[in-house]
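Below is one structure, written out as structure tokens; comments come after it.
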Amino acid sequence: MTFLWPQWRSHDINNKATQGIINAGVLLRYAFSQLKGDNKADFIVDEQARQTLMGYRKNVLMAEHDWELVFNEMQQEPKRTHQDSDYQQQLLEQYHQLVHYLCILVSMLRKGVVLPAIVDYQAPIEAGIQALVIQLRDGTDTTFPYIDDLNTELQDDSLSTDLMTVRAVIMLSAATLKHMHQLKNGSELI
């Protein structure tokens, strides 16, 4: 059991990390569909749309809680059973930051902000999420897509504060995902 415990705990925390990233991706995909403005939901009037958005937000927050719980349990165990402890701590800290950005994005969606040009970033961000999930789940090296910030509509200084906030939150979320992807897993027992 002593031999198998680190492998089981490492598998468990990787599952929590993977689920957290998947939940963040689902929320981001929903956000992009709302930011497009085609079928923009009125979250004040439409109860089902509000419940859907809050359900995605809840899933992201619950994934954060579950991941942190497993990490804290792991820290209480003997040090010799900790596998990738520093890596998991850095990954979890970045996920806390990502959740913070996603909660800001949820509040912008509830205000009814629409920024159709931001949808140009949907494909690379979803590809980045997929690359991160594969890296966490399978342990294989993947390439994070290049996300440029050259779109002139997004660089427009005449955008309202809400639109600039959405733009900033999406770009910060993408940068956080990229940083999570760049963290290296040592795979050694401490």
Side-chain angles (χ1 to χ4, degrees), residues 10-11 13-40 52-53 55-57 59-64 66-67 84 86-109 113-157 159 162-187:
S10 176
H11 181 69
I13 201 162
N14 276 343
N15 284 344
K16 298 299 182 195
T18 304
Q19 191 57 50
I21 299 303
I22 289 170
N23 287 340
V26 169
L27 177 55
L28 276 167
R29 189 175 307 114
Y30 185 76
F32 281 122
S33 73
Q34 295 303 310
L35 290 169
K36 218 181 332 183
D38 295 343
N39 351 335
K40 184 175 76 74
T52 299
L53 179 61
Y56 292 147
R57 179 176 165 262
N59 291 343
V60 167
L61 292 169
M62 289 302 294
E64 177 186 29
D66 293 346
W67 187 354
D84 305 326
D86 291 338
Y87 167 72
Q88 288 296 337
Q89 183 172 5
Q90 292 174 5
L91 204 58
L92 184 57
E93 287 169 1
Q94 290 298 310
Y95 189 71
H96 286 313
Q97 193 171 327
L98 179 62
V99 168
H100 175 72
Y101 296 143
L102 294 177
C103 287
I104 294 171
L105 188 58
V106 165
S107 67
M108 293 289 101
L109 294 176
V113 177
V114 174
L115 183 59
I118 203 75
V119 176
D120 294 343
Y121 293 93
Q122 182 172 1
I125 288 175
E126 287 182 355
I129 289 169
Q130 187 62 28
L132 183 54
V133 166
I134 289 169
Q135 184 170 299
L136 288 169
R137 187 186 59 216
D138 303 335
T140 57
D141 285 337
T142 56
T143 304
F144 196 88
Y146 178 72
I147 299 173
D148 64 357
D149 197 11
L150 301 176
N151 189 312
T152 54
E153 187 174 341
L154 294 178
Q155 292 295 333
D156 186 359
D157 292 333
L159 293 176
D162 287 345
L163 295 177
M164 288 174 53
T165 301
V166 166
R167 180 185 71 191
V169 166
I170 292 291
M171 296 313 293
L172 287 169
S173 298
T176 304
L177 287 164
K178 183 173 184 176
H179 191 252
M180 292 174 81
H181 183 270
Q182 290 173 338
L183 293 172
K184 291 299 176 195
N185 184 347
S187 294

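Only heavy atoms go into these numbers, but all of them, side chains included; no hydrogens, no water, no symmetry mates.
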Looking at His181 and Gln135, would you say the former's side chain and the latter's main chain have a donor-acceptor pair under 3.5 Å?
no
In short, Trp67 meets Met180 closest at the heavy-atom pair CH2-CE, 4.2 Å
Is there side-chain contact between Glu64 and Val60, with at least one heavy-atom pair below 4.5 Å? no
query = Side chains of Thr165 and Val113: does their closest heavy-atom pair fall under 4.5 Å?
reply = no
Tightest non-hydrogen contact, residues Gly25 and Ile129, listed as CA-CD1, 3.4 Å
Closest non-hydrogen contact found for Pro145 with Pro124 is CG-O, 3.0 Å
Hits for salt bridge (Lys or Arg N to Asp or Glu O under 4.0 Å) against Asp138, two or more places apart or cross-chain, chain-then-number order -> none
| said: I'd like to check Glu93 versus Gln89 (side-chain heavy atoms, cut-off strictly below 4.5 Å). Are they in contact? | reply: yes
- Message: Keeping Asn59 on the side-chain end and Asn23 on the backbone end, is there a donor-acceptor pair under 3.5 Å?
- Response: no
When every non-hydrogen atom of Ile125 is compared with those of Phe32, the smallest separation belongs to CD1-CZ, 3.8 Å
Quiz item: Are Ile170 and Leu28 side-chain neighbours, meaning at least one heavy-atom pair lies under 4.5 Å?
Solution: yes
Sorted by chain and number, sequence neighbours left out, ring pair (Phe, Tyr, Trp, His ring centres under 6.0 Å) with Tyr101 holds for none
Scanning both residues in full, the closest heavy-atom pair of Asn14 with Gln88 reads OD1-NE2, 3.1 Å
On a heavy-atom basis, the closest approach of Leu98 and Ala24 is CD2-CB, 3.9 Å
Quiz item: Do we see a donor-acceptor contact under 3.5 Å between the side chains of Gln90 and Asp86?
Solution: no
Short question: side chain of Tyr30, backbone of Tyr56 - any donor-acceptor pair under 3.5 Å? no
